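Excluded from the calculations below are hydrogen atoms, water molecules and symmetry mates; all remaining heavy atoms, backbone and side chain alike, are included. Treat the numbers as computed from the prediction; the structure is a model and nothing was measured.
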Amino acid sequence: MDAFICRTCGVQYAPSDQPPERCPICEDERQYVGWNGQQWTTLDQLRSEGRQNHLYDEEPGLTAVDTRPAVAIGQRALLVQTPHGNVMWDCITLVDDATIAAIRERGGLAAIAISHPHFYASCVTWSQAFGDCPIYIHAADAEWVQYPAPAVKLWEGATLEILPGLTLINTGGHFEGSQALHWADGCDGHGAILTGDTVTVVMDRRYVSFMYSYPNLIPLGERAIQRIVNSLAPFAYEKVYGGWNGRVVGVDGKDAVERSAERYLRFIRET
């Protein structure tokens, strides 16, 4: 049986004889079904299309992994390397032997953590490649897990330290279970926050923004924005790493988040 992959969102489903009838993640108003209708693929098909993963260093201890040509949403994964083990933050869809070997050379994976359902990608296949390492997803997003597996760890609460110095923060917002990863040792000990698009780094990289749906341009309300800001407030961080190549706030990241929230709220309050 194949583990079919939705071509639009890039999420891999549990193995089955036939492709699933529908992709609930894409049918949700935060995403969309592709204009040509629901389409499915597999890892073998993606590899046969000539797609390859590329690794590059963002800073000491942080390696980005992306796929070219891009698959689905086109996000990158971030490999956080610590003395206590490595964590893959967010996932990409394409899994291949070359990337597995490259990650092993960097110390392998102790865990995977994912910001929200649009980035689940091939998380179970990645886990299987590294001894069924745990995949941390907030329990509030349990309904969106399309590939149940023992490695999937649904956690509850506001924060969870998954390794020393690496803390998951349930921010809500984009999804109820949306989460960010605080890396205390990032940016030479000044701290970094990895956000996917829970907090998205915009083209003017002095700022970030927040949305309920990015492709359908549905904004978040005031209470959701304030919850995100409040959840991040206890943590020190200089950099904000978004979900795509180049989407990084390089300095004053904490101030950028707070300034951006103030700007956002100012505009949505206007009548």
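A ring-centre distance under 6.0 Å is found for H174 and Y214. Ring-centre distance between F119 and W144: not below the 6.0 Å cut-off.
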Would you list the atom pairs, donor with acceptor, under 3.5 Å between side chains in residues 179-187 and any protein atom, with sequence neighbours excluded?
from, atom 1, to, atom 2, distance (Å)
Q179, OE1, W155, NE1, 2.9
Q179, NE2, I114, O, 2.7
Q179, NE2, Y136, O, 3.1
H182, NE2, A236, O, 2.6

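Take E262 and apply the salt bridge (Lys or Arg N to Asp or Glu O under 4.0 Å) test, not counting sequence neighbours, and it matches no residue. Shown here are the salt bridge (Lys or Arg N to Asp or Glu O under 4.0 Å) partners of E58, two or more places apart in sequence or in another chain: R76. Qualifying salt bridge (Lys or Arg N to Asp or Glu O under 4.0 Å) partners for D44, counting only residues two or more places apart in sequence or in other chains: R47. Applying the salt bridge (Lys or Arg N to Asp or Glu O under 4.0 Å) test to R68 and every residue at least two apart in sequence or in another chain returns D66.
The ring-ring contact (aromatic ring centres under 6.0 Å, His included) contacts involving residues 7-39 comprise Y13-W40, where partners must be two or more places apart or lie in separate chains.
Between F130 and W126, the two ring planes are parallel [angle under 30°; tilted spans 30° to 60°].
Under the 4.5 Å side-chain heavy-atom criterion for Ile, Leu, Val, Met, Phe, Trp and Tyr, I137 and L168 are members of distinct hydrophobic clusters. The hydrophobic cluster containing I225 also contains V249, counting ILVMFWY residues as joined when their side-chain heavy atoms lie under 4.5 angstrom apart, directly or transitively.
A donor-acceptor contact closer than 3.5 angstrom links the side chains of T63 and Q81. N86 and R104 share no side-chain donor-acceptor pair at under 3.5 Å.
Looking only at distances, no side-chain donor or acceptor of D2 sits under 3.5 Å from a matching main-chain atom of F4.
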